[in-house]
2 protein chains.
Amino acid sequence: EDPIIAGVAHDRSEGKITIVGIPDSPGRAAAVFKAIAGVGINVDMIVQNVSAGTEKKTDISFTVPKEDAGRGVEVLKAMQDELGFEQLQYDDQVGKLSLVGSGMRSNPGVSATLFQSLADAGINIEMISTSEIRVSVVTSDDELDEAVRVVHSAFGLDADGEAVVYG
Amino acid sequence: EDPIIAGVAHDRSEGKITIVGIPDSPGRAAAVFKAIAGVGINVDMIVQNVSAGTEKKTDISFTVPKEDAGRGVEVLKAMQDELGFEQLQYDDQVGKLSLVGSGMRSNPGVSATLFQSLADAGINIEMISTSEIRVSVVTSDDELDEAVRVVHSAFGLDADGEAVVYG
Ligand SMILES: C[C@@H](O)[C@H](N)C(=O)O
Ligand SMILES: C[C@@H](O)[C@H](N)C(=O)O
């Protein structure tokens, strides 16, 4: 199936909280997001990779509206002993870019092209999270506008071909 | 907006490749996925979290059809010097579960409920990747059927309420 690229969405309204070195054992993610939901904070992106080292610890990053991030950090700090994580990081200079389309799973060249366009512009990819219809990357906020420009150009989209698509 | 839970999708056809300790600098992700695309391997999920430690290294995990994983591992092993990663891991006992719906971003309790249902069953969440319409977790393959059962139950879905939805 040919991929369809609907457009590029971008967002700089979110801050990113990273829980560093949380034990990779059942119940930790639940406790984190129960606490965050419990203080009424909406969560956009959640990314957690495997615990790859010898320590059976991993990191959980998630994004929230900037105006709520302070409360999220406070709630989690107060749970540090209970959750057992090593460190909490907060980044409010977050840019999120999503390539929106379909058929991207069966067209791995699409992700490769996206990543290469950012690489050619010297833009670092801080996080990656994908679905069948959306490849999302997080860059720094101050690189986001350039990122949007180079991605439009790489896919032959015109500069105002923004897709308002959710996925 | 109230969340709508359409159903639960699950998949055990994929293997997971984790590139451990790759330098977090522009061009690395592009090189990885150009190589994978270049040998015609479809990629489903890509997850990369931030480089949180002092070393400016991170991990990139991605899933591919099991029958292609061997080729993917070979291609990346051959690039170890060029890419500069520490280690390659391959896991072919991967279960992927996705809660599919809408409005989940503005209803953080939905993710919390998903994670809690797995925690209560003692099921470890190895990876998390979310979008507005899908919360995906990776568990081990042998816990996947139980995971699907407890998630259906937690959301009051009947056992054959599987959604064939892509997102
Ligand atoms: C790290 C966290 O996701 C843990 N593995 C859990 O199941 O809750
Ligand atoms: C780790 C990898 O994503 C790197 N940050 C890059 O931009 O390619």
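Sequence lines set the chain letters: A, B, ... in the order given, protein chains first and strands last, and positions in each chain run from 1.
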Top contributor to chain A interface from P108(B), A31(B), A35(B) [non-hydrogen pairs under 4.5 Å]: P108(B)
Heavy-atom closest contact (S129(A) atom, T130(B) atom, distance): OG-O, 3.8 Å
Heavy-atom proximity to chain B below 4.5 Å, by part of I46(A): both
Within one Ile-Leu-Val-Met-Phe-Trp-Tyr cluster: L114(B) and V43(A), side-chain cutoff 4.5 Å: yes
I22(A) with Y90(A), same ILVMFWY side-chain cluster at under 4.5 Å: yes
Winner by heavy-atom pair count (cut-off under 4.5 Å) against chain A, out of V20(B), V110(B), I123(B): I123(B)
When S102(A), A30(A), A119(A) are compared by non-hydrogen pairs under 4.5 Å with chain B, the top option: A30(A)
Smallest separation among heavy atoms of D11(B) and R105(A), with atom names: OD2-NH2, 3.9 Å
Rounded distance [0.5 Å steps], CD1 in I125(A) versus OG1 in T58(B): 11.5 Å
Path from V94(B) to V148(B) over hydrophobic side-chain contacts below 4.5 Å: no
E126(B) (side chain) donor-acceptor with N49(A) (main chain) under 3.5 angstrom: no
Verify same cluster id: L157(A), I4(A) (apolar side-chain graph, 4.5 Å): no
Side chain, backbone, both or neither of V50(A) within contact of chain B (heavy atoms, under 4.5 Å): both
Residue selection (most heavy-atom pairs with chain B, distance under 4.5 Å) from A121(A), G38(A), S61(A): S61(A)
Winner by heavy-atom pair count (cut-off under 4.5 Å) against chain B, out of V135(A), V47(A), I41(A): V47(A)
Residue I36(A) versus chain B: region with a heavy atom under 4.5 Å: neither
Hydrophobic cluster membership, I128(A) vs M127(B), 4.5 Å side-chain cutoff: no
Leading residue by heavy atom contact count with chain B [cutoff under 4.5 Å; candidates M104(A), M45(A), K16(A), Q89(A)]: Q89(A)
Side chain Q116(A), main chain G27(B), donor-acceptor under 3.5 Å: no
Interface residue of largest heavy-atom contact number with chain B, from S25(A), G40(A), S111(A), under 4.5 Å: S25(A)
Evaluation steps, side-chain contact (heavy atoms from CB on, under 4.5 Å), between I133(B) and I133(A): CA-CA 10 Å; I133(B) 65 170; I133(A) 66 171; 4.2 Å; yes
Under 4.5 Å from any heavy atom of chain A - which part of S106(B): both
Between A112(A), G21(A), P26(A), the one whose heavy-atom pairs under 4.5 Å with chain B are most numerous: P26(A)
Contact leader toward chain A among E86(B), K34(B), Q87(B), R28(B), where contacts are heavy-atom pairs under 4.5 Å: K34(B)
Distance-only donor-acceptor check, side chains S131(B) and S131(A), under 3.5 Å: no
